[in-house]
Amino acid sequence: MKFTRVRGFQDSFGDDALIVRNVEEYARLWAERYALKEIKIPIVESVDLYRRTTGETSDIVEKQMFTFGDVDEKGATFALRPEGTPGVVRAYMESGLHKRDPEQRFFYSGEMFRRERPQKGRYRQFSQFGVEIFGRRDAACDAELLILLDDLRKDLGLTLRTEINSLGDSACRPAYRTAVLEFGRAHSNELCQDCRQRLERNPLRLLDCKIDAKLMEAAPESLKYLCDDCKEHFDTVQELIVAAGIEFSVNPRLVRGLDYYTRTAFEVLSDDVGSQNAVAAGGRYDGLVEALGGPPIPGIGFAIGLERMALAIRSAAQKKSQESDLAFELFFRKFVGTPPIIAIAPVGSSVLVDANKIAHMLRKGSPQSWKPKERYQVLLLSAERSLNSQLRQAGAIGAQFLVIFGDREQSEGIVQLRELNPAVADDSPKQRRVPIPSLVEEIKNLL
Ligand code: HAM
């Protein structure tokens, strides 16, 4: 074929698409449980916004943004969003919501774009489910987000690790930055090429370099440089999450690749997804609103990488399958379970009108009011296929019922309802005559 996917971009089908969708659905329900409100922001923002927020020296701004050659009427150049936080901060300020009440609690879900080197768990288009809370300086809010992430993790049935750190604030971070800079200068001969270039502009980035990780083990730790306020804040966060029963470890070398973080920063990691192991990450950004010309309103948030979370689910499912079929089934069903399929087989074109009516009768109602037993799928097969071919098709897609409807059934006002259950050993299909008006009831009873 002439056309293929663009490098680093992916198609997603079937179970893979379902897992991502269901993780998003779980995250959405948990976010609503924590009184967060959905915000939708554009997929493009001005390049300048990312420069001012994500940071000039971040990898994202330096080399990963997809930008456009054209400019808009005002001369602005734009980029596909590489992350959600800058757009949410902009929208928060532009809407004037902060004037009504600085405390606003948002969640969002959508695609992000980064020109990274593609590998397992790292794509050029990926989905984030993010949370951003403004107007809360207190440590209880940091703890609340870590607890939310842990609630979601437990609900998904995953084993993950949480690492936290404090990066200090504008009062104490400069001293830490200088300490890392001096450490870097003293070891500049041992640094990788990238780090040597970063050293003077953004020394803290050295700490999350994979190549220099060994050397950086001896680097200064941010926690030793915290001012009293930052220390107290970090202590309170820990006290609160300990009390909530959250397991975590303090990683004094955790810094984030984005420039806006202050105080608490955290990552949720999976040991089962390969080298791209952060399934969620975030932290506080108390100076960001002000940096964009707004009042000094604090902020904090995180984003979950939905595809990476899906990888963690795949490998957890794999482990369960080694335990037992039942353990696998119980774990995996909630991510890929789909409602049972009822296939309708119109035999010959003369029954098409009534077959359509039967399909519509089975489909009717409003999804909001459907009871669990009414959540089935109705597939009207093509009358251009023979009954045998329809039967094979229904079997292949795993339909639970086949409603056979031909001339004879039409004249008698009935259908033949066949149960197709490949798990039944005697493989004699159960088939019964059902009057059309009682078909819905009959199926509900059998489900
Ligand atoms: P981030 O660490 O750049 O933070 O991304 C958050 C998560 O998105 C990562 O932990 C990962 O799961 C996923 N992710 C990032 N890049 C990729 C990629 N190329 N392919 C697949 N998944 C990826 C942020 O974006 C911040 N905006 C988070 C935040 C919100 N901080 C405060 N509020």
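Counting starts at 1 for both ligands and their atoms, in listed order. Bear in mind the structure is a predicted one, so any value in this text is a computation, not a measurement.
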Among all protein non-hydrogen atoms, which one is nearest to [atom], and what is the separation to 0.1 Å?
atom: atom 27 (N) of ligand 1; value: E83 OE1, 2.5 Å
atom: atom 9 (C) of ligand 1; value: A278 O, 3.9 Å
atom: atom 29 (C) of ligand 1; value: Y261 OH, 3.4 Å
atom: atom 14 (N) of ligand 1; value: F126 CE1, 3.5 Å

message = Between ligand 1 and T85, is the shortest N or O to N or O distance under 3.5 Å?
response = yes
message = So for ligand 1, is R256 a polar contact partner (N or O within less than 3.5 Å, distance only)?
response = yes
I need the contact type for [X] against ligand 1. Using non-hydrogen atoms and a strict under-4.0 Å cut-off, is it side chain, backbone, both or neither?
X: R122; answer: both
X: Y260; answer: side chain
X: E132; answer: side chain

ask   = Going by an N to O cut-off under 4.0 Å, is there a salt bridge joining D208 and R256?
value = no
message = Against H233, only a single residue in D142, T262, D228 fulfils side chain to side chain donor-acceptor pair (under 3.5 Å); can you say which?
response = D142
key: Pair Y123 + F9: ring centers closer than 6.0 Å   = no
message = Using the ring centroid of each side chain, check whether F134 and Y92 are separated by less than 6.0 Å.
response = yes
key: Atom indices of ligand 1, in the order listed, that fall short of 4.0 Å to a heavy atom of L258   = 3 (O), 4 (O)
ask   = Would you call the rings of Y176 and Y225 parallel, tilted or perpendicular, where under 30° means parallel and over 60° means perpendicular?
value = tilted
